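To start, the structure under review is shown below, and the notes come after it.
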Amino acid sequence: MIKEEDAIELLNSYNQTHIVNLLKKLDEVKKQELLEQIDKIDFGQIMELYDNTKKEIEIKENKIEAIGYLDKAKLTKEQKEEFDKLGEEVIRNGEYAVVTMAGGQGTRLGHNGPKGTFKLDVYGKGKYLFEILVDNLQEANQKYNTIIPWYIMTSIENNKDTVEFLEKHNYFGYPKENVIIFTQSELPLVDVDGKLLISKDLKIKEASDGNGGTYSSLRASGSLADMKERGIKWVFIGGVDNVLLKMADVTLLGMAIKKNVQIASKSVVKANPHEKVGVFCKMNGHPKVIEYAELPEKMAEEVDENGELKYGESHIMCNLYTIDAIEKASKEILMYHSAFKKNSYIDEDGKEVIPTEPNSYKFESFIFDAFEFFDDIAILRGKREDDFAPVKNKEGVDSPKTAKELYEKYWNRQEKN
Ligand code: UTP
């Protein structure tokens, strides 16, 4: 492990004098813990990521084209039946697994605890986000007479609270031996001056490094090996916070099988040309999700011969992969993006600061950045009112209020049918 004097030299060379001061003040046990952490952090990488936040995003010369998709509502009866049959077979055979990405910080929602432990005020009694996911999986289990293995990705920060919560609620009735919880990796948080934040336990404050970490964490945690042992052939990966997420959509799965692709995704059409969502396209011949900020205005408004937005298929974290695709993605290096977020920290006087405005950069890789490593993707357009009700913000768009409305409307419609 790194010696104290070497750590001090390293920290000084990266202008982290506040950590040097902290190190000198700590008792022996805490000092060793911090040295151990310093030893593992790649300061060069973090400072490069921080420096990148000051640079303009480089838009390279890329060939962007619209991507093909099928609209679920417009499939012929025969097409749908064929897809459903193919998909159903895989699930019935026990060859299907689901991953929930629950390692996010949920800073915009501001809920005290992992996002999955947030209770959405539906039907008077309320339902936790994890409970809503279990409902969806149990419905599929019943329908296809199977038990889908459920992998939950947590962060080092929220793992303990997540496990305790699920234990306390007895996994909402999900057979525990089929719930596998694994943890993703982290990166330090950096303030606007390039200083690493300090956490309450007097260490360098780190946070999960984005949902793009799912692939490598599946492999590093042994979950991928576990899937292979169980004979899994297809893996669904979704977020924790969309209360209309369909994790076992046989039409999507069957379509992927029929099209003989390694990855597939459910989209919903953009609410308007300027909605702040990432959209699917082909870049240099490969599937890609292009962020709203990177899509030129003219392209955002472009329509095809049917009057539909050419770049209108939003990515809603509803993705499907063959097990080989997961393996492949787990070995690729994904780029990091930076997000400016609110993070509490301990200041030089040892006081906790809880910011009311974003104060620090979090570096994250994105799950969709792996798409470009594949030749093709099958996209199925779903319906916003059936497939997409995210809980992101405390108020306004994509908030508990909008998600509750969409959730209740959806289930009222199901009861009527
Ligand atoms: P978001 O990017 O919306 O982030 O995550 P978030 O943490 O939920 O919320 P904010 O931005 O801090 O307000 C989309 C999905 O990816 C997961 C989240 O848990 C959510 O299911 N995620 C995100 C991870 O699993 N790990 C991460 O590092 C980031």
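Since we're looking at a predicted model, the values are computed, not measured. Throughout, residue positions are numbered sequentially from 1 according to the sequence presented. Atoms within each ligand, like the ligands themselves, are counted from 1 in listed order.
- With 3.5 Å as the limit, one finds a donor-acceptor pair spanning the side chains of Thr251 and Asp84.
- Each of Val98, Val240, Val243, Ile152 was evaluated against Leu133; a single residue qualifies, Val240, per the side chain to side chain contact (heavy atoms under 4.5 Å, CB included) test.
- Taking the six-membered ring where tryptophan is involved, the planes of Phe165 and Tyr128 are perpendicular, since the angle between them exceeds 60° and thus also 30°.
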CA sep, side-chain torsions, deciding dist, call: His315, Phe280, ring-ring contact (aromatic ring centres under 6.0 Å, His included): CA-CA 7 Å; His315 174 256; Phe280 283 97; 5.7 Å; yes

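- Contacts of ligand 1 (protein heavy-atom distance under 4.0 Å) are Met101, Ala102, Gly103, Gly104, Gln105, Gly106, Thr107, Arg108, Lys115, Met153, Gln184, Ser208, Asp209, Gly210, Asn211, Gly239, Val240, Asp241, Met317, Lys341, Lys362, Glu364, Lys392.
- For Asn136 against Ala248, the heavy-atom pair with the smallest separation is OD1-N, 4.3 Å.
- Ring orientation note: the planes of Tyr321 and Phe371 are tilted relative to one another, at an angle of 30° to 60°.
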